[in-house]
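The chains referred to below are lettered A, B, ... by the order of the sequence lines, with proteins before strands, and numbering in each begins at 1. Values in this document were obtained by computation on a predicted structure and should not be read as measured data.
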2 protein chains.
Amino acid sequence: MTAALIGLDWGSTQLRAYRYGERGAVEAVRTLPCGVRQLPAGGFAQAFAQALEGWPAAPVIACGMVGSRNGWRETPYLDTPADLDRLAAALTPLAAPDGRAVHLVPGLRDPARPDVMRGEETQVAGALALEPPMARRARLLLPGTHSKWVEVRDGAVVGFATMMTGELYALLRQHSILGAALPAPVPDGDAFRRGVRAARDSGAAGMLSRLFSARALLLDGALAPSSVADYLSGLLLGEELRAALAAGWAAPGEPVLVVGDEALCERYLRAAEAFGIGLRRAPGDAAAHGLWRIAAAAALVPGHATAA
Amino acid sequence: MTAALIGLDWGSTQLRAYRYGERGAVEAVRTLPCGVRQLPAGGFAQAFAQALEGWPAAPVIACGMVGSRNGWRETPYLDTPADLDRLAAALTPLAAPDGRAVHLVPGLRDPARPDVMRGEETQVAGALALEPPMARRARLLLPGTHSKWVEVRDGAVVGFATMMTGELYALLRQHSILGAALPAPVPDGDAFRRGVRAARDSGAAGMLSRLFSARALLLDGALAPSSVADYLSGLLLGEELRAALAAGWAAPGEPVLVVGDEALCERYLRAAEAFGIGLRRAPGDAAAHGLWRIAAAAALVPGHATAA
């Protein structure tokens, strides 16, 4: 067994390790519940050893919250605009206890807002590599706890914005009067669409003026307790799309490439129909491809220095 | 000692009891930590007895969450438009274990949204009684966990909307990445104004597109950890005002009467300066006055049947 590269997508909630063959094909994947938030103090070296156990020696590249203030080693953000070559030139080497060098991908900072990302820059690099026509000019959405809306020109991330949609949803479901003390949710596509439309029809006033409708509809008997979760989900995804249109991160008819978990992307695709936004799901594993491309651009992978 | 009326403002977090003299003057006030959310099952009768202990027999009127689904007795909502006479005609009597009748003020429901309130209808009645010129046509704001924006025409509440500003603030401070693991907040008026402006300048995109700035500014070193609370407070109050303008609950130059806790009202007054909204604090104890006025309109108070 040989390996050309080992890549780590090391986020808040999990660590995913990729073993690559010579031409960048992913030959093995491991997912460990060793996200930066779960690890005890000093737990990085042990999780690292566990992730790579039994794999051959190879250059290692890592992206995500592992490079944050609460990570293994804090790496500075790289200001936008940032393309693949700038990412590759800004890798921060970290010596693991076993002597290996781990090359940390920097996060990005958009100084215009300001806003920051860690890990998504690698997914963007991967998604653009998988769809070369997009690299010239593209809009991307990476939905999640902290959704990122990204604008790309000439292969470089020129700006981005974070929307805390997923975190707000979790807070409202777990701790608010809207979501607490409800029975287990039952999937309800109608309630989801109803939430999406409520956000859309709020106009410039936005979600804050409609959130309480989840409670009022429940008290009215117009929304089943088990459907509140999907209504809230629709309301929040709808608000994100409404805000993205208002802020210019999306425009009717212009395609937006969505990168992320399949089920979540499907939800966004359904919600986007109500707004006339042309979301399209990116193919493949964007993080895996991004790690490879950045490593290649940094000449960590022999013979691929110019592959970028 | 005699009493013309006993009034209870019985909300989620506390129970306030008023003892009134002949002409509606409040002669004693008791505040008990017996909100509807704190009480054990069956705790209403005991809290009621405690609130009235030693007070003479008198008609009793009560408003607030005591009439909700989780209250002492659920009373139906009264649909808007609703004026003092309709509120008074819709009182629901409840027999307390000691034989007294407690007259529960109904909450209001705005069928156009739908939206609901319980307790604020009484504060609105009181605020309008304290400022008779406002009763013909007024806009009111009752800020709090669930802020209410209210429109009054010819003495009747014709519509209202809830904004969950206070609850969202608490969730973000206690449970989100923005507020968790921060040192104790230190009052910072500049951070508050900065948050207000960030919400205002978000335009139609709104708060969701700016929430994460609390994190990015912190990481940037541009916001002190102890100032995040005031920045978030400004962001959320600013968003509420921005949304109120966008939805037509407020308009530049038109006065809005603010009813509520003094410190909170002061915050809203400061935030409103950035929007050109003319907030003005209502004088007096609106709940106490409202309970008296509704009781008088219901002829619970002898000789005051026409005082409304």
Aromatic ring pairing B:H175/A:H175, orientation class (parallel under 30°, perpendicular over 60°, tilted between):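 Geometry flag for A:H175 against B:H175: parallel rings.
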
Flag side-chain contact, heavy atom, 4.5 Å: B:T162 against A:L211: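 They are not in contact (no side-chain heavy atoms under 4.5 Å apart), so the answer is no.
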
Heavy-atom distances under 4.5 Å only: say whether [X] touches chain A with side chain, backbone, both or neither.
X	answer
B:S68	neither
B:Q174	neither
B:A247	both
B:E167	side chain
B:R69	side chain

Spacing of [X] atom [atom1] and [Y] atom [atom2] [to the nearest 0.5 Å]:
X	Y	atom1	atom2	result
B:S213	A:D115	OG	CG	8.0 Å
B:M207	A:M164	CE	CE	9.5 Å
A:W249	B:S209	CH2	OG	10.0 Å
B:M163	A:F212	CE	CZ	13.0 Å

Could you check which of [options] has the highest count of heavy-atom pairs closer than 4.5 Å to chain B?
options	answer
A:A244, A:S176, A:A170, A:S202	A:S176
A:A246, A:A216, A:A205	A:A205
A:L168, A:L217, A:L178, A:L208	A:L208
A:R109, A:R215, A:E240, A:R113	A:R109

For [X], is it the side chain, the backbone, both or neither that has a heavy atom under 4.5 Å from a heavy atom of chain B?
X	result
A:T145	neither
A:R242	side chain
A:I177	both

A:D220/B:V116 under side chain to side chain contact (heavy atoms under 4.5 Å, CB included): CA gap, chis, key distance, verdict: CA-CA 9 Å; A:D220 240 24; B:V116 292; 5.6 Å; no

Step-by-step side chain to side chain contact (heavy atoms under 4.5 Å, CB included) determination, B:Y77 to A:L219: CA-CA 10 Å; B:Y77 290 102; A:L219 292 170; 3.5 Å; yes

Closest-packed option against chain A by number of heavy-atom pairs under 4.5 Å, given B:A243, B:P111, B:G248: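 Looking at each of B:A243, B:P111, B:G248 in turn, B:A243 comes out on top.
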
